[in-house]
There are 2 protein chains.
Amino acid sequence: MESPYNNKPRAALDGVEALFFDVFGTVADLRGGVVRQLEEVASKYSIQSVDWNEFADAWRIQYGKITKRISVSADGPTNLDELLRQILDSLIDTRGSTWERIGPLWNDEERWNVTRFWHNISGWPDSVRGLSELKNRVMIAALSNGSVRLLVDMAKYAGFPWDMVFSTELFETYKPNPIVYDSAAKLLNLPPHKCAMVAAHISDLEAAKGQGYRTIYVRRPNEDFAVQNRDATTVKSKSEAGGYQHIDIVVNSLIELADVLKDMP
Amino acid sequence: MESPYNNKPRAALDGVEALFFDVFGTVADLRGGVVRQLEEVASKYSIQSVDWNEFADAWRIQYGKITKRISVSADGPTNLDELLRQILDSLIDTRGSTWERIGPLWNDEERWNVTRFWHNISGWPDSVRGLSELKNRVMIAALSNGSVRLLVDMAKYAGFPWDMVFSTELFETYKPNPIVYDSAAKLLNLPPHKCAMVAAHISDLEAAKGQGYRTIYVRRPNEDFAVQNRDATTVKSKSEAGGYQHIDIVVNSLIELADVLKDMP
């Protein structure tokens, strides 16, 4: 029978022994999870007419900018909780910010509580089943900018069955610093070509490919800030016309990825 | 109904949020697993009348001595696979050694194969069930001198459901260096008194207690070289007459430990 994955040549993943997963947005529905919790705490403080999607996006975008800066040697906390707290403070304490009226309402304890919203996030509908199936075939490891504690909390909350949790905190930097990909492969005693990075962001895959990893793009709705209109359906692999040369295969879910690996010899 | 664990005051573990486990000998039946594989490879090479228990013990004792030396600043590999290979070579290549006739039989590839015997070890009969029950109550993490890859391989082989794998390789030293216990607690964002070390070796617990951890001794047959005749049944907690002051509670299995935590408020 013809495989439904003919546009995903098995050869692209032949010999891969470990999959490394971006977590925020790729495995976990970060925006949905954070917004749901923000709405709850907002109602507790009777905060009305705030677009929490916009707030979560602003938090996320600042996180992306600052971690990238630190990853190329700027100063700053390499524990993501501390960094997320700093950004939260700047969003709600800055004069003239859309959210400045929230500042006086949340004390130190509540701000830490809100920061921890990033710890309690569920997977996308396919994530737990997909990871569980993949775990039977290869090693599966988180490779995320989240702190160790954040990733452990999230795995317990969401049921992610990691074989290993690689937080960039262990390497005292963030993705896309090359040391992250190099160190994770080395700690699993694998040459990079036996490793594949799985992410919903073309930039993460570009950095992983630069270190010799194979790369797997997962399409997630409204998630990849670096593609036009965040429209992941436009992203194609290098084997397709107009595809990204640093992307080996593209899948629509982790279950589809498990099916691709099932086809492997 | 009276608890069967009256000699294990719950208070000793009140507030504990994470359990850190020694793996070799405590969670995994290291000697049994290594000896079984050594016997198989011996029969392949027609090696007869070798006491593989004695061989495994010698390997283990050297491992203990050298890791301890490196943990207090001697030079040497902090990747345990490399260290285990060096010790294996010294056992079978040394003139006058009981095992010198093995040296010429095993080439480089076979020696690495034999070194990896430490990766494929099953749990004690209670380990998987005990860990699974404990995981529902607190965070459970490996805290072992094994390399990251070794601990990941063993967890897959034996089914250990770790929330986090802390290999001392991540900290570039070995237990009992205090930095190991300090770093693991810090990465889970916990003060040491909310952490408990679980081990079948009084020395590991002594080091953990020195950094402020609670301590749980698990009795394993013939496993603790530091107690008389390796008789773990003689080990008692500080609340018992003649007990060790650095041991908070003693259990006979991980299932018993899960029952103790079940009693907690």
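Each chain gets a letter, A, B and so on, in the order the sequences are listed, and its residues count up from 1. Here the structure is a predicted model, which is why all the values come from computation and not from measurement.
Counting only distance, with no hydrogens or angles, the side chain of A:Gln37 and the backbone of A:Gly33 share a donor-acceptor pair below 3.5 Å. Under a 3.5 Å cut-off, the side chain of B:Lys156 and the backbone N or O of A:Val138 do form a donor-acceptor pair.
Heavy-atom neighbours of chain A within the stretch residues 106-136 of chain B, taken at a separation under 4.5 angstrom, comprise B:Lys135. Among residues 180-196 of chain B, the residues having any heavy atom closer than 4.5 Å to a heavy atom of chain A are, in sequence order, B:Leu187, B:Leu188, B:Asn189, B:Leu190.
Partner of A:Met197 under the side chain to side chain contact (heavy atoms under 4.5 Å, CB included) criterion, out of A:Ile216, A:Thr26, A:Leu143, A:Leu19: A:Leu143 alone.
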Output, in order, the C-alpha distance, side-chain angles, deciding distance and verdict of side-chain contact (heavy atoms from CB on, under 4.5 Å) for A:Arg149 and A:Glu169.
-> CA-CA 10 Å; A:Arg149 175 62 185 266; A:Glu169 186 182 16; over 6 Å; no
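Inter-residue side-chain proximity for B:Tyr63 and B:Leu80 is flagged as met; some heavy-atom pair is nearer than 4.5 Å.
Here CD1 of B:Ile179 is found 11.5 Å from OG1 of B:Thr168. Values are rounded to the nearest 0.5 Å.
For the pair B:Ala200 and B:Arg220, the tightest heavy-atom approach, listed with the atom from each and the gap, is CB-CG, 3.7 Å. The two residues A:Met164 and B:Val148 make their nearest non-hydrogen contact at SD-CG1, 4.0 Å.
Looking only at heavy-atom pairs under 4.5 Å with chain B, the residue among A:Asn79, A:Asp163, A:Val165 that has the most is A:Asp163.
Taking the six-membered ring where the residue is Trp, B:Phe21 and B:Trp162 present tilted rings, their angle falling between 30° and 60°.
In this structure, B:Arg85 does not pair ionically with B:Asp81, as no charged nitrogen and carboxylate oxygen lie closer than 4.0 Å.
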